[in-house]
Amino acid sequence: MSKVDVLLGLQWGDEGKGKIVDVLTPDYDVIARFQGGPNAGHTLEFNGIKHVLHIIPSGIFHKAKINVIGNGVLIEPAIFRDEIVALRQKDVEPTDNLYVSKKAHLILPSHRLLDAANEQAKGNAKIGSTLKGIGPAYTDKIARTGIRVGDILEFDFREKYQLLKFQHIQLAKTLNFDVDSFRINNMTLDEYEAVWMDSLDTLRKFKLINSEYFINRCLKEGKRVLAEGAQGSMLDIDFGSYPFVTSSSTITAGVCSGLGVAPSSIGKVMGITKAYCTRVGAGPFPTELFDETGRTLCELGHEYGATTGRSRRCGWIDIPALRYACMLNGVSDLIVTKPDVMNDFDEIKMCTDYIINGEETDEIPFEFNEVEITPKLAVFKGWKQSIADAGKYEELPVQLRDYLSVIEEKTGVRIMMVSVSPDRKDVIFR
Ligand code: GDP
Ligand code: IMO
Ligand code: MG
């Protein structure tokens, strides 16, 4: 009996999960997404190709590996079809090695309408959602009114769809949302609905399975399974900076419910952090930099959303948040990405604690969104050199190793890998 290893983001998303899953895939038989949906944007780069995945697991470029979209994921069929088309343009044919859970919930066009209506109604308090319909679709799942992938094979699918759509439109109207002016990809709701309905044919051609049986059978046969997280722990529905979060369980616990595996079946938990910190959308970000350094991180790190193209807010690494994430997830191995972005920095700072009302704390307060948090910053010397050619951990500049060792000391977790470029080949295993 083997176990499910987990790889997830420890910050506010975009830690480099796509790249690292792609790097680790040769060691696994199955790669499975367990939560989130098209709000995710996971970037892979190799052989001069850059590819962004949203719903499809990041193991898909390895032909011999099975990729599973688990029951905890949300599928927007038209976005799914676009992803399949984009893969085929790169000579990847996923029909045989991509399985989809029948229990995964669907995002309807009218979920996307409601997402926009909710954000508009929030005014200045808006979350900065990716507007892919995530919140409303998970709302329907929890309210027991959602539609699942398996339902598209049923005779009463259209009826269920129409009823839910009707309810969504009524709700949007009560929020004073102008339904007639709403557009998705420049299409009205009805025009987009036609595209969406048409895209169901693509979804039907895939193996639609009870993925919990499939995964547990794989474990029983000793196959190696890697669960790929989306978003990050600080966007978790329970423990993130609520309400500025996504609507799913982004932590290790989400693997159990999002794939149907028992807690005792969880193996290694690999947590990824950038060597600094970013956040897209609204919500607290104690180490955010509003100065030239912040802009430099954004430019050199190409910190623009892989899904929405929005520029990401940038700041120093946040140890209280990272420690919190390590605790919640039971992280056994740390992976640090993007230190190369700070190659030319004279100084690098690290927030070791928060100062709130004059008091130091290393805990995330309940009032995270309301209180003023001053980060207590430790200062490190920059390494001022390229790290592209370091083949081994020991070959990394001593200043960088000093910085990394403090991250290990503060989190109590050993760093197993450092990533030094967007490309698949540029990783240093410890
Ligand atoms: P994900 O959502 O966690 O998969 O991350 P994204 O793909 O949204 O954002 C990470 C970005 O950083 C992508 O553009 C990656 O190509 C890039 N990236 C990943 N690892 C590294 C690294 O070690 N160095 C640099 N410079 N870029 C990286
Ligand atoms: P990956 O998997 C970064 C953010 C949005 C918004 C909030 C809620 O690429 O790391 P939602 O659309 O889920 O209702 O948005 O969460 N967000 C992400 N930020 N990376 C992501 O995914 C994200 N998915 C959602 O910007 O603030
Ligand atoms: Mg991303």
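Being a predicted model, the structure only gives us computed values, none of them experimental. Whatever order the structure lists ligands and atoms in, that order sets their numbers, starting from 1.
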Considering only non-hydrogen protein atoms, determine which one is nearest to atom 6 (C) of ligand 2 and report residue, atom name and distance to 0.1 Å.
Gly128 O, 3.2 Å
Side chain or backbone, does Gly16 bring an N or O within less than 3.5 Å of an N or O on ligand 1?
yes
Below 4.0 angstrom from a heavy atom of Val420, which ligand 1 atoms are there? Numbered from 1 as shown, please.
23 (O), 24 (N)
Which ligand 1 atoms does Gly18 reach within 4.0 Å, using its non-hydrogen atoms?
4 (O)
What I want to know is whether Glu15 and ligand 2 share at least one N or O pair that is separated by under 3.5 angstrom.
no
Which atom pair, heavy atoms only, marks the closest approach of Thr273 to Glu15?
CA-CG, 4.4 Å
Residue part near ligand 2, for Trp12, under 4.0 Å between non-hydrogen atoms
backbone
Are Ile319 and Asp362 close enough, and set up right, to give a side-chain contact (heavy atoms from CB on, under 4.5 Å), and what steps lead you there?
CA-CA 8 Å; Ile319 294 292; Asp362 65 356; over 6 Å; no
May I ask you to check whether Val280 has an N/O atom sitting below 3.5 Å from an N/O atom of ligand 2?
yes
Looking only at protein heavy atoms, identify the closest one to atom 2 (O) of ligand 1 and say how far it is in Å.
Gly41 O, 2.8 Å
Suppose we measure from atom 15 (O) of ligand 2 to each protein heavy atom; which comes out shortest, and what is that distance?
Ser129 CA, 3.5 Å
Any atoms of ligand 1 less than 4.0 Å from a non-hydrogen atom of Ser419? List them with their elements.
20 (N), 21 (C), 22 (C), 23 (O)
For atom 4 (C) of ligand 2, grab the closest protein heavy atom and report residue, atom and distance to one decimal in Å.
Leu235 CD1, 3.9 Å
Kindly confirm or rule out an N or O of Lys17 lying under 3.5 angstrom from an N or O of ligand 2.
yes
Does any N/O atom on Gly41 come nearer than 3.5 Å to any N/O atom on ligand 2?
yes
Shortest protein heavy-atom distance from atom 23 (C) of ligand 2, along with the residue and atom involved:
Gln231 CG, 3.6 Å
Between ligand 1 and His302, can you find any atom pair, the residue atom being a heavy atom, that is separated by under 4.0 Å?
no
Other residues, nucleotides and ligands only: do more than 12 of their heavy atoms fall within 6.0 Å of CG on Asp344?
no
Quick one: does Met342 get within less than 4.0 Å of ligand 1, heavy atoms only?
no
Determine whether any heavy atom of Ser421 lies closer than 4.0 Å to an atom of ligand 1.
yes
Select one of side chain, backbone, both or neither to describe which atoms of His51 lie under 4.0 Å from any atom of ligand 1, heavy atoms only.
neither
With Asn39 as reference, evaluate Thr246, Thr308, Thr130, Asp115 under the side chain to side chain donor-acceptor pair (under 3.5 Å) test and give the passing residue.
Thr246
Determine whether the side chain, the backbone, both or neither of Thr308 has a heavy atom under 4.0 Å from any heavy atom of ligand 2.
neither
Examine the proximity of ligand 2 to Arg310 and report which part, side chain or backbone, both or neither, has a heavy atom under 4.0 Å away.
side chain
Which of the ligand 2 atoms, numbered from 1, are nearer than 4.0 Å to a heavy atom of Ala40:
1 (P), 2 (O), 9 (O), 22 (O)
Is Arg279 near ligand 2, meaning one of its heavy atoms is under 4.0 Å from it?
no
Set out, in order, the CA-CA distance, both residues' side-chain angles and the distance that settles salt bridge (Lys or Arg N to Asp or Glu O under 4.0 Å) for Arg81 and Glu76, then state yes or no.
CA-CA 9 Å; Arg81 178 173 62 183; Glu76 208 281 31; over 6 Å; no
For Val341 and ligand 1, does the shortest N/O to N/O distance drop below 3.5 Å?
no
Stepwise, does the ring pair (Phe, Tyr, Trp, His ring centres under 6.0 Å) test hold for Phe80 with Phe206?
CA-CA 11 Å; Phe80 176 79; Phe206 283 81; 5.3 Å; yes
Report the member of Arg424, Glu228, Lys338, Gln11 with the shortest heavy-atom distance to atom 17 (C) of ligand 1.
Lys338
Should Gly13 be listed as contacting ligand 1, given a heavy-atom distance under 4.0 Å as the test?
no
Have a look at Asp14 and say which of its N, O or S atoms is nearest the Mg ion (ligand 3).
OD1
Can you sort out which atoms of ligand 1 are near Glu45, meaning under 4.0 Å from one of its heavy atoms?
16 (O)
I'd like to check whether Asn39 has a polar contact with ligand 2, where a contact means an N/O of the residue lying under 3.5 Å from an N/O of the ligand.
yes
Heteroatom N/O/S of Gly41 within less than 2.8 Å of the Mg ion (ligand 3)
yes
Run the numbers for me: atoms of ligand 1, each under 4.0 Å from some heavy atom of Lys19, listed by number.
20 (N)
